[in-house]
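Before any comments, here is the structure.
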Amino acid sequence: MAPEGQTDPWDPLVAAVVRGLVESARNLGLELPEADVRSALNLDGGPEGDLAFPAHRLSAMARRAPPEVAQQLASGFPPSPGVRSVAATGAYVNVRVDPAVLARATLELALGRGGAYGHRPRAGGPVCVEHTSANPTGPFHVGRVRNAILGDTLARCARAAGADVTTQYYIDDMGRQAAMISWIWAKPRDEWPESVRAADEGRGSETDKPDRHFGRIYPAVSAYLKDHPDAAAEVARVVQQVESGTPPSNHRQITQQILDGMLASLGRLGVGFDEFVWESDFLRDGSVGRVLDRLRSSPHAVTEENGALAIDAAAHGLPKESTHIVVQRGDGTSLYVTRDVAYHLQKFARFERVVDVLGQDHQLHARTLDALLAEIGEPRRPEFVIYQDITVPEGGRMSTRKGSAVWLDDLLAEAVARARTEVLARREDLAESDVDRIAEAVATGAIRFHIARVAPEKPVVFRWEDALSFEGRSGPFVQYSYARAASLLRRGAADRPPYPFDPERLADPEEIALVKVVAKFPRIVAYAARSAHIQSLAGYAHELADQFNRFYHAVPVLKSDVERPSRLALVAAVRQTLGNALDLLGLVRLETM
RNA sequence: GGGCGCGUGGCUCAGCUUGGAUAGAGCACCGGGUUCCUAACCCGGCGAUCGAGGGUUCAAAUCCCUCCGCGCCCGCCA
């Protein structure tokens, strides 16, 4: 069995190679810290080996040509456990490990740790990941969903990496939009303006949800308020009531209803939240007031002619022309950024690390928030994960107002319809409920993967055909590979775990290659969590599925003879690893499809 | 104008954190593969002066500078 506490099958091999290189270098008269060797060692290997060590830096120290140094490092390399060969190729020392040793460690870890393979033990203090936090004023469009998928995947990765994660959704119930909602909802429908009632046509249809419902009438309400000052004044009064801590009695319930509709859509994508934080609470509990008190005593505080409070924060590295931060209006009401300071102080009180997932249009807000935290003497800062917009082919961001938004619900509906067609074309034996279940999983998997695979800082142009791809580098391809592995294990049920595998039997090149991909999973998870590059996880899932399919075509499993138990063990390890990767990406595992 | 981000085959992306050996995928296109464990698959082919220029380095898609192009932000909105 693998040593207690080991999580990465490569660890003992890498440690042995590092020790060997250090020892070999010592014979050349060079003392190297193990950490330096370790960081220079290429764990992905190269064309000539499983692990590669470039000798250039050493050659400078030794004042000899790189190939010569590489040669000497290789020839002086001591016999080490698990190391099959060490040879110089040009300026590189190439190490080949014993594939059976790696296979044994990998299968033991993947099968032994099961769902915990790739995960690390709990370590560190509590972490808050705030994401999505879209204003509850209408349905999600695809642009907003990038935040949810990024944040949710990040939270899953952080948990796997050992963090104690709490996810939060910050609910804005204080804006004018929220006030518009409770204003119109408080009225009996027959008192609604004609134009709003007209926009309300179609209500009660099958796809109707509170968020869709309000999303439909919002433009009409907004237009109506422009031409009707009386009504606008009523809405302004609602804003005031919320500000003063006495919102209309139904205010929060209405906001909650719309939010529930939105969350139902996200739920289909596997996105959920541990906690919901209401913005108005920070006003009610006096914490915004306390923030303002602290800001007022800042040497950079200035009071405007109309009584507004501002901070001249030139010292905090803000862009020119953005250093004048108004933190309280002339009429004494609060501002978003000030409330956000209060929110972050609450987060810092509870969490060791605070992560905020924000669209790039909030970049300046993030820096302003930092500046204000500095102003009040708070030493800690949130870690911002910033992503770029999803735009439409015609150009520009998705906009409800311009009608260019693609609703998540519509994308889901189309994806499910296409997935159903695909399932039906392949499977005639399935019950209707299974067809639905698989189609839903394929559809949501395609969408999640499509967004997770692209680096957050890349701008994305939304195209239906791309988002609905079920082939190649896609979620369904990974899900399909998982189902294939599951199917093999089902059909091979005569052999049951624990499979009595013999790592020496896994000698085919495709088997060795597959073991290597399984073996690097823990490293990928750790990197994804550390760097917030969730695309590396999506890329890995595809790579593992891809190599599994190659293996599948290259060697028989169930029909093999002496290799059968070992191959089944490998398939079981792949299924486990692929499943763990799907979990982290928030894709549904399908045992059959 | 200032700030932030992006620019890699026809298209969409990975690789940039920590510089290392012929730049990896997917889609599209061309040619193959199913009496055999799920063809949402596999094999082969085609296709890239990594936006341009300069710099650092033994070595640059990766680090630095300049420029060009594209996107977003620059409210007593959120």
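Residue numbers begin at 1 in each chain, while the letters A, B, ... track the order of the sequences.
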Strictly below 4.0 Å: does Arg57(A) bring a side-chain N or O up to OP1 or OP2 of C58(B)? no
When you get a sec, tell me which of U12(B), C72(B), C41(B) is the closest nucleotide to the side chain of Asp389(A)? C72(B)
For the residue pair Arg484(A) and Phe548(A), would you count it as a cation-pi contact if the rule is NZ or CZ under 6.0 angstrom from the ring centre and within 45 degrees of the ring axis? no
Output the rounded distance in Å from CD1 (Ile181(A)) to P (A78(B)). 15 Å
Can you confirm whether Arg57(A) is buried at CZ, in the sense that more than 12 heavy atoms of other residues, nucleotides or ligands lie under 6.0 Å from that atom? no
Which part of the nucleic acid, if any, lies within reach of Thr592(A) when heavy atoms closer than 4.0 Å are counted: base, sugar-phosphate only, or nothing? base
Which base sits across from C4(B) as a Watson-Crick or G-U pair, both distances under 3.5 Å? G71(B)
What interatomic distance, in whole Å, is found between P of C74(B) and the corresponding atom of G19(B)? 37 Å
Do Arg367(A) and Asp370(A) meet the salt-bridge criterion of a basic N to acidic O distance under 4.0 Å? no
Identify whether any heavy atom of Gly330(A) sits under 4.0 Å from a base atom; if not, whether one sits that close to sugar-phosphate; answer base, sugar-phosphate or nothing. base
Centroid-to-centroid, Tyr343(A) to Tyr170(A), below 6.0 Å? yes
Glu422(A) vs Ser334(A), nearer the 5' end of RNA chain B by closest nucleotide: Glu422(A)
Taking only side-chain nitrogens and oxygens of Arg484(A), does any of them come within less than 4.0 Å of OP1 or OP2 of C37(B)? no
Phe501(A) side chain near Leu568(A) side chain, heavy-atom distance below 4.5 Å: no
Could you list all the ring pair (Phe, Tyr, Trp, His ring centres under 6.0 Å) pairs where at least one residue sits in residues 439-465 of chain A, not counting sequence neighbours? Phe462(A)-Trp464(A)
Base, sugar-phosphate, or nothing for Met593(A), non-hydrogen atoms under 4.0 angstrom? base
Look at the side chain of His365(A) and decide which nucleotide, out of A78(B), G71(B), U38(B), has an atom nearest to it. A78(B)
With a 4.0 Å cut-off on heavy atoms, is Leu364(A) in touch with a base, just the backbone sugar-phosphate, or nothing at all? sugar-phosphate
Spell out yes or no: do the side chain of Asn94(A) and the base of A21(B) have one donor N/O and one acceptor N/O closer than 3.5 Å? yes
Under 4.0 Å, heavy atoms only, any strand: does Arg367(A) hit a base, just the sugar-phosphate, or nothing? sugar-phosphate
Inter-nucleotide C1' distance (U8(B), A23(B)), Å rounded: 9 Å
Judged by nearest nucleotide, the residue sitting upstream toward the 5' end of RNA chain B, Glu591(A) or Val460(A), is Val460(A)
Thr137(A) and Asn135(A): side-chain donor and acceptor closer than 3.5 Å? no
Starting the side chain at C-beta, find the nucleotide from A39(B), G3(B), C42(B) nearest to Tyr480(A). A39(B)
If you look at every strand shown and take non-hydrogen atoms under 4.0 Å, does Asp331(A) touch a base, only sugar-phosphate, or nothing? nothing
What distance, rounded to whole Å, do you find between the two C1' atoms, one in A39(B) and one in U34(B)? 7 Å
For G15(B) versus G51(B), give the span between their P atoms, rounded off to a whole number of Å. 15 Å
Taking the P atom of each, how far is C50(B) from C41(B), in whole Å? 32 Å
Sugar-phosphate only, base, or nothing, as touched by Ser322(A) at under 4.0 Å among non-hydrogen atoms: sugar-phosphate
Can you check whether Arg176(A) has a side-chain N or O nearer than 4.0 Å to OP1 or OP2 of G75(B)? no
If you look at every strand shown and take non-hydrogen atoms under 4.0 Å, does Arg339(A) touch a base, only sugar-phosphate, or nothing? sugar-phosphate
Looking for any heavy atom pair under 4.0 Å, which part of the strands does Pro459(A) touch: base, sugar-phosphate only, or nothing? sugar-phosphate
Using 30° and 60° as the class limits, which term best fits the ring planes of His365(A) and His362(A): parallel, tilted or perpendicular? perpendicular
Testing C37(B), C76(B), C6(B) for proximity to the side chain of Arg491(A), the answer is C37(B)
For Thr391(A) and G71(B), is the shortest distance between a side-chain N/O and OP1 or OP2 below 4.0 Å? no
Would you state whether a donor and an acceptor, one from the side chain of Gln363(A) and one from the base of G5(B), lie under 3.5 Å apart? no
Students often mix this up, so state it plainly: with edges at 30° and 60°, are the rings of His542(A) and Phe477(A) parallel, tilted or perpendicular? tilted
In whole angstrom, give me the gap between the C1' atoms of G54(B) and G31(B). 45 Å
Candidates C77(B), C13(B), C43(B) - which lies nearest the side chain of Arg329(A): C77(B)
For C73(B), take OP1 and OP2 only and decide whether either is under 4.0 Å from a side-chain N or O of Arg397(A). yes
Do the charged groups of Arg144(A) and Asp389(A) touch, with an N to O distance under 4.0 Å? no
Grab the CZ-C1' distance between Arg453(A) and U12(B) for me, whole Å please. 6 Å
Separation of G24(B) P from Asn42(A) CG (nearest whole Å): 14 Å
Once you apply a heavy-atom cut-off of 4.0 Å, does Ala40(A) come out as touching a base, just sugar-phosphate, or nothing? nothing
Could you tell me how far C27(B) sits from C73(B) if I compare only their C1' atoms? Round to whole Å. 34 Å
Please tell me which of the listed nucleotides, C76(B), A14(B), G2(B), lies nearest to the side chain of Lys320(A)? G2(B)
Glu471(A) has a side chain; which of U18(B), C27(B), C37(B) sits nearest to it? C27(B)
Is there a donor N/O on one and an acceptor N/O on the other, under 3.5 Å, for the side chain of Asp466(A) and the base of C27(B)? no
Across the strands shown, which category fits Glu321(A) at heavy-atom distances under 4.0 angstrom: base, sugar-phosphate, nothing? base
Determine the contact category for Val555(A): base if any of its heavy atoms lies under 4.0 Å from a base atom, sugar-phosphate if only primed atoms, P, OP1 or OP2 are that close, otherwise nothing. base
Just call it for Ala455(A): base, sugar-phosphate, or nothing, with non-hydrogen atoms closer than 4.0 Å on any strand. sugar-phosphate
Say we look at U66(B) and G47(B): how far apart would their P atoms be, to the nearest angstrom? 38 Å
Which part of the nucleic acid does Gln479(A) contact within heavy-atom distance under 4.0 Å: base, sugar-phosphate only, or nothing? nothing
By nearest atom, which of the nucleotides A14(B), A21(B), C76(B) is closest to the Ala52(A) side chain? A21(B)
Can you tell me the base-pairing partner of U66(B)? Count Watson-Crick or G-U wobble geometry only, both distances below 3.5 Å, and say none if there is no partner. A52(B)
Between C41(B) atom P and Tyr482(A) atom OH, what is the distance in whole Å? 19 Å
Identity of whatever pairs with C29(B) - Watson-Crick or G-U, under 3.5 angstrom: G45(B)
Strictly below 4.0 Å: does Gln535(A) bring a side-chain N or O up to OP1 or OP2 of G15(B)? yes
Rounded to whole Å, the CG-P distance (Asn306(A) to C76(B)) equals 10 Å
Distance in angstrom units between Ile390(A) CD1 and C13(B) P, rounded: 11 Å
Measuring to OP1 and OP2 of G71(B), would you say a side-chain N or O of Lys458(A) lies under 4.0 angstrom away? no
Pairing nucleotide - C76(B), Watson-Crick or G-U, each distance under 3.5 Å: none
